[in-house]
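Down below is the structure, laid out as structure tokens.
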Amino acid sequence: MPSLVRDRLTWVMYAQLALWVYFMYGFGPVAPILRDELHISRGLAGLHGTAFALGGVLGGLLLPALIRRLGRARLIWIGLACIGAAALGMYAAYHLALTLTFATLASIGSAFTVNAINTGLTDHHGPAAPAAISEANAAAAALGLVAPLVVGATYAAGWGWRLGLAVVVVPTLAVAWYARRTGVKPPEPAGFGATRVPHRPLPAAFWLALTSLFATGSIEICLTLWGSDVLREHAHVSAGVATAGVSALIAGMVVGRLAGGRLLLVFRPSRMLLVALGVCLAGFAVFWVATLPWLAMAGLALAGTGMGLHYPLGMSLALAHSDGQPDLAAARTSFAVGIAFGVAPFALGALADRVGPHPAFLLVPLFAVVSAAAIVRLDVVTGVARSSGRPPAAAAPTPLDRPPARTD
């Protein structure tokens, strides 16, 4: 059974990931305030979600070349610098064009930071990487719970929401100082520093993992953005209680990722993902049929517990089945997540306009079925490879099979 050793580098990468999640969850509740400040419609305010999706896709396009030339360590800090610049830039953003620009900049930075951290954890922890990625996302989601409270507190105190968002710069500088002082850096990819490294086609197993990641990303964004509307319409709760219900979803994600970090040291990621999809569907079923507020929010919390493992497991499977090209695979996952975050909410919203938000939410179990089918097929493909005597792509020897980077 693999063991997860949390050294200095591991903790630094956990903190780096949490800094982006603080910005993301801190900016989310700002949309209604921005709508009032800028005197724009809900549709225009919703373009900020599109900006996040666009930034993720652009970051994914740039990622392979930048990783090769700059390395993971530099790219993580460049990404965090983009996020910090976006947070500070919001102080001057009193026009929709500017707020969209800074949202896109932050999302591009997140593509650099998140994917370099995921591949860095994968190389550094080897067989224990899925547990490390799950734990990193649990720590990040826990900080994400704090972000709306800080932003709301600064706004309520009359200091404005921008201050609550900009405080992310302070811990960013603190983590940068600590990383420089201790000299911790993630392991660099094969071909680092080369002007050009040819890429092999990614195997079929990777594309199945990517399909699952797209579907689970669609589940997450739909529940996060539209869950409160269903609470208000079907469970007949106030706007304030509906907002708290989304917090229950995020709290469930934290619990799921913390528990999953330990279970992934024992069980296969693909098996765990199928279980997580089942837990999410069970919670969704309770949420969807409940008319009592407490029961509907309990369903959301249970759905979040399963959903919390979707992204770290999907990412782990995509990197594991990349045929020794984790940085290229990470770039492609940015496309999947970006497209899911950009398309799924609008698809659900368009359907909700026709049939209402409650029936439209049946898209969520449809996405779950797509993800489960892709994972079952993934197990079949990798199982066929093993039974035929060929090593699966995940086990292929690569230049990345190196000792972990020194952290002292």
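All residue numbers in this chain count up from 1 along the given sequence.
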Practice task
Return yes if some donor-acceptor pair links the side-chain N/O of T154 with the main-chain N/O of G160 below 3.5 Å, else return no.
Solution key: yes

Problem - Pairs touching residues 361-378 that satisfy side-chain hydrogen bond (donor to acceptor under 3.5 Å, both in side chains), sequence neighbours left out - result: S212-S371

Practice task
Kindly say whether V57 contributes a backbone atom to a donor-acceptor pair with the side chain of S334 at under 3.5 angstrom?
Solution key: no

Result block: side-chain N/O donor-acceptor pairs under 3.5 angstrom for residues 126-147, not counting sequence neighbours:
residue	atom	partner	partner atom	Å
S134	OG	R257	O	3.0
E135	OE1	R6	NE	2.6
E135	OE1	Y14	OH	2.8
E135	OE2	R6	NE	3.3
E135	OE2	R6	NH2	2.9
N137	ND2	I133	O	2.7

Handout entry: F267 atom CZ, over 12 foreign heavy atoms within 6.0 Å
Key = no

Exercise for the section: For the pair F367 and F214, name the ring-plane relationship: parallel under 30°, tilted 30 to 60°, perpendicular over 60°. Expected result: perpendicular

Practice task
Kindly indicate whether a cation-pi arrangement holds for R162 with Y94, taking the cut-offs as under 6.0 Å to the six-membered ring centre and within 45° of the axis.
Solution key: yes

Practice task
May I ask you to decide if the ring planes of F23 and F52 are parallel, tilted or perpendicular, using 30° and 60° as cut-offs?
Solution key: perpendicular

Practice task
Say whether, by atom type as modelled, one donor and one acceptor occur between the side chain of W20 and the main chain of L80 under 3.5 angstrom.
Solution key: no

Practice task
Only counting residues at least two apart or in another chain, list the ones meeting side chain to side chain donor-acceptor pair (under 3.5 Å) with R271.
Solution key: none

Problem - Where at least one partner belongs to residues 149-182, residue pairs that pass ring-ring contact (aromatic ring centres under 6.0 Å, His included), sequence neighbours excluded - result: none

Problem - Salt bridge flag under 4.0 Å for residues R68 and D327 - result: no

Practice task
Look at the side chain of T216 and the backbone N and O of Y311, then say whether any donor-acceptor pair between them is shorter than 3.5 Å.
Solution key: no

Problem - Identified side chain to side chain contact (heavy atoms under 4.5 Å, CB included) partner of I219 from the options T224, L281, V364 - result: V364

Completion exercise
Taken in chain and number order and not counting sequence neighbours, the residues that satisfy side chain to side chain donor-acceptor pair (under 3.5 Å) with Y22 are none

Exercise for the section: Keeping to residues at least two apart or across chains, list the side-chain hydrogen bond (donor to acceptor under 3.5 Å, both in side chains) pairs with something in residues 44-64. Expected result: H48-T99

